[in-house]
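Remarks on the structure that follows.
Both counts, for ligands and for their atoms, begin at 1 and track the order of listing.
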Amino acid sequence: MSDTKNQGLEGVVAATTRLSSVDGEAGELLIAGFPVEELAPRASFEETAWLLWNGNLPTADELAAFRRCLAGRRNLPAATLELLRSAAKRQVPTMDALRMAAGTLSLVEGGGDPKEDAVTLVAAFPTIVAAYWRLVKGEEPLERREDLGHAASFLYMLSGEEPSMERERGLETYLNTVSDHGFNASTFTARVIVSTRSDLISAITGAVGALKGPLHGGAPGPALDMVFEIGAPERAELVLREKLARGERLMGFGHRVYRVRDPRADVLAAAAERFYRNGGDMRLYELARSVEATALRLLREAKPDRRLDTNVEFYTALLLHGLGLPTALFTPIFAVARVAGWTAHALEQLETGRLIRPQSEYVGEKGRRWVAVEEREALTAAVGSAC
Ligand code: ACO
């Protein structure tokens with residue numbers, strides 16, 4: 001492949017950003033200049049969103065006003081709720097419901113201004129996910145609680161129970177950890193859309209569609225399934241060896257950019273350990289640690305030339321499960337976090353970016369001649385042939 005043809009745009013720098021820096025060789029992630037391990041366990045999600053949008057941490061007054069502002073925007077337009085009810089009747093996957101509902105946020109009053117839309121999107125995503133989850137289970141969505149912070153209110157809207165400080169802190173640590181991560185596929189999608197001077201609602205709706213794919217946001221569920229399948233530490237070696245012998249990939253290991261341990265894995269492992277030690281299922285935590293150690297040993301043995309280490313999804317699964325969150329919501333909760341990064345990138349693109357318009361190499365036929373309809377041969381598996 002020549003320098004000008006790069007099928008997956010690997011290594012291509014398409015814009016500058018002040019939002020996050022991913023160093024795959026050193027295993028370092030900076031979010032707006034802060035190492036992820038410095039920021040994620042300390043910040044509230046509101047502080048992280050503010051930091052991404054504005055470049056600095058908010059003062060106490062700014063933070064209080066911002067918390068009130070976000071809390072005041074948690075309600076959904078009536079049409080959004082109606083749409084969620086229809087989707088729940090058909091039991092569509094939550095990511096599809098989130099994508100459809102995201103598009104309806106253009107109905108919110110004052111929409112169209114990019115900064116206003118950014119606030120609307122971040123405020124509404126948890127409400128959409130929680131309301132939809134309850135509707136799918138045959139329960140009514142809950143009224144918002146303006147007195148709770150962003151993460152706590154999401155947990156409340158899911159179950160109707162006010163979360164403990166530990167659960168709130170655990171979820172905030174996760175949301176902060178995955179709030180932004182360089183030019184991943186969904187962030188790039190959002191930036192491409194606003195680079196045409198389109199609006200933020202369109203950009204973030206597109207980003208949700210990109211995140212949904214199993215190569216991007218879908219691994220934590222299977223990682224947890226793998227731990228459950230193993231069931232006991234003494235079975236880890238047998239089960240993992242069999243998987244590798246069948247050519248299967250061990251979920252939660254390996255990364256396209258990181259050649260060393262994903263720094264987000266450490267932050268989430270520490271958060272999971274704190275949470276599990278404090279009244280959680282320590283047996284599951286110990287099992288996961290033992291599965292991780294065995295997996296790393298076997299991967300080193302199977303692929304000695306390729307450094308395959310733990311990625312963010314392994315401990316995402318453990319932490320979110322420990323927080324009592326269902327596997328089906330792992331990817332939607334990723335979106336609840338990443339919408340802060342997506343909107344920050346979209347605003348940055350509007351301020352500083354150019355129209356993103358790469359080229360393609362044409363590999364089709366040339367110089368074709370028109371054939372009359374009665375002389376054409378049928379294609380097998382033609383698109384539209386079943387219409
Ligand atoms: N288990 C077993 N073998 C693996 C794994 C794994 N988890 N990851 C990579 N390999 C092997 C591949 O089979 C390949 O072997 P080969 O050269 O003999 O064919 C070699 O390592 C290189 O694989 P690539 O596909 O080139 O690795 P890449 O860096 O492109 O893939 C990916 C990264 C997709 C994450 C991969 O490691 C994987 O599938 N991991 C499991 C799924 C997972 O955890 N995904 C979440 C990633 S984090 C995120 O997206 C937020």
Side-chain angles (χ1 to χ4, degrees), residues 1 6-12 20 22-25 27-29 31 36 40 95 174-189 207-230 236-237 239-269 288 291-321 327 329-342:
M1 204 183 291
N6 184 333
Q7 294 277 5
L9 297 181
E10 248 178 283
V12 173
S20 60
V22 182
D23 184 334
E25 296 298 329
E28 283 171 7
L29 167 60
I31 296 178
V36 64
M95 281 302 279
Y174 169 72
L175 297 177
N176 294 334
T177 300
V178 301
S179 59
D180 199 44
H181 198 242
F183 253 39
N184 57 85
S186 54
T187 298
F188 186 58
T189 304
V208 174
L211 183 72
K212 177 189 141 184
L215 294 189
H216 189 4
L224 190 64
D225 291 343
M226 190 178 78
V227 174
F228 282 133
E229 183 193 341
I230 290 170
E237 175 138 8
V239 176
L240 296 177
R241 270 196 197 285
E242 282 175 357
K243 282 185 183 297
L244 289 171
R246 287 195 298 269
E248 283 179 34
R249 293 191 174 199
L250 306 186
M251 302 316 275
F253 299 90
H255 196 274
R256 172 55 65 83
V257 179
Y258 291 116
R259 290 294 165 250
V260 293
R261 190 176 166 87
D262 183 333
R264 298 171 297 175
D266 285 331
V267 176
L268 297 185
V291 169
E292 181 192 17
T294 310
L296 291 176
R297 177 164 55 79
L298 298 187
L299 284 170
R300 239 166 258 140
E301 200 182 294
K303 307 269 171 210
D305 301 331
R306 163 114 189 147
R307 188 79 203 274
L308 293 171
D309 220 317
T310 316
N311 66 42
V312 65
E313 306 290 28
F314 191 78
Y315 283 102
T316 290
L318 198 64
L319 178 59
L320 296 187
H321 176 77
T327 313
L329 290 189
F330 288 179
T331 308
I333 295 171
F334 191 165
V336 164
R338 188 56 63 83
V339 67
W342 289 333

For R256, counting its heavy atoms only, list the atoms of ligand 1 lying under 4.0 Å from any of them. 28 (P), 29 (O), 30 (O), 33 (C)
Got W342 and D180 here, is their nearest side-chain heavy-atom distance under 4.5 Å? no
Please could you name the atoms of ligand 1 that G252 approaches to less than 4.0 Å, counting only its heavy atoms? 43 (C), 44 (O)
Ion pair present between R264 and E313, side-chain N to carboxylate O less than 4.0 angstrom? no
So is there a nitrogen or oxygen of E248 less than 3.5 Å from a nitrogen or oxygen in ligand 1? no
The answer for which part of L299 has a heavy atom under 4.0 Å from ligand 1 is side chain
Please work out, at 4.0 Å between heavy atoms, whether the side chain, the backbone, both, or neither of R249 comes within that distance of ligand 1. both
Show which atoms of ligand 1 fall inside a sub-4.0 Å distance from at least one heavy-atom site of M251. 42 (C), 44 (O)
Could you please spell out the steps behind the side chain to side chain contact (heavy atoms under 4.5 Å, CB included) verdict for L211 and N184? CA-CA 9 Å; L211 183 72; N184 57 85; 6.0 Å; no
For the residue pair M226 and F253, establish whether any side-chain heavy-atom pair is separated by less than 4.5 Å. yes
May I ask you to list the atoms of ligand 1 that are less than 4.0 angstrom from any heavy atom of G254? 35 (C), 37 (O)
Report yes if K303 has an N/O atom closer than 3.5 Å to an N/O atom of ligand 1; otherwise report no. yes
Could you tell me whether L308 and ligand 1 have an N or O pair separated by under 3.5 Å? no
N/O separation below 3.5 Å, L250 to ligand 1: yes
Non-hydrogen side-chain atoms of R307 and Y258 separated by less than 4.5 Å: no
Checking contacts here: is it the side chain or the backbone of N184 that comes within 4.0 Å of ligand 1, counting heavy atoms only? Could be both or neither. neither
Assess whether a salt bridge exists between K243 and E229, defined as any Lys/Arg side-chain N lying under 4.0 Å from an Asp/Glu carboxylate O. yes
Validation row: T316, Y174 side chains within 4.5 angstrom (heavy atoms): yes
Heavy atoms, side chains only, cut-off 4.5 Å: are F334 and M95 in contact? no
Angle between ring planes, F188 versus F183, binned at 30° and 60°: parallel, tilted or perpendicular? tilted
Ligand 1 atoms in contact with H216 (distance to a heavy atom under 4.0 Å): 49 (C), 50 (O), 51 (C)
Can you tell which part of E313 has a heavy atom less than 4.0 Å from ligand 1: side chain, backbone, both or neither? side chain
What part of H255 sits under 4.0 Å from ligand 1 if we count only heavy atoms: the side chain, the backbone, both or neither? both
Looking only at distances, can you tell me whether any N or O atom of L244, backbone or side chain, sits closer than 3.5 Å to an N or O atom of ligand 1? no
Do F330 and L224 come within less than 4.5 Å of each other through their side chains, counting heavy atoms only? yes
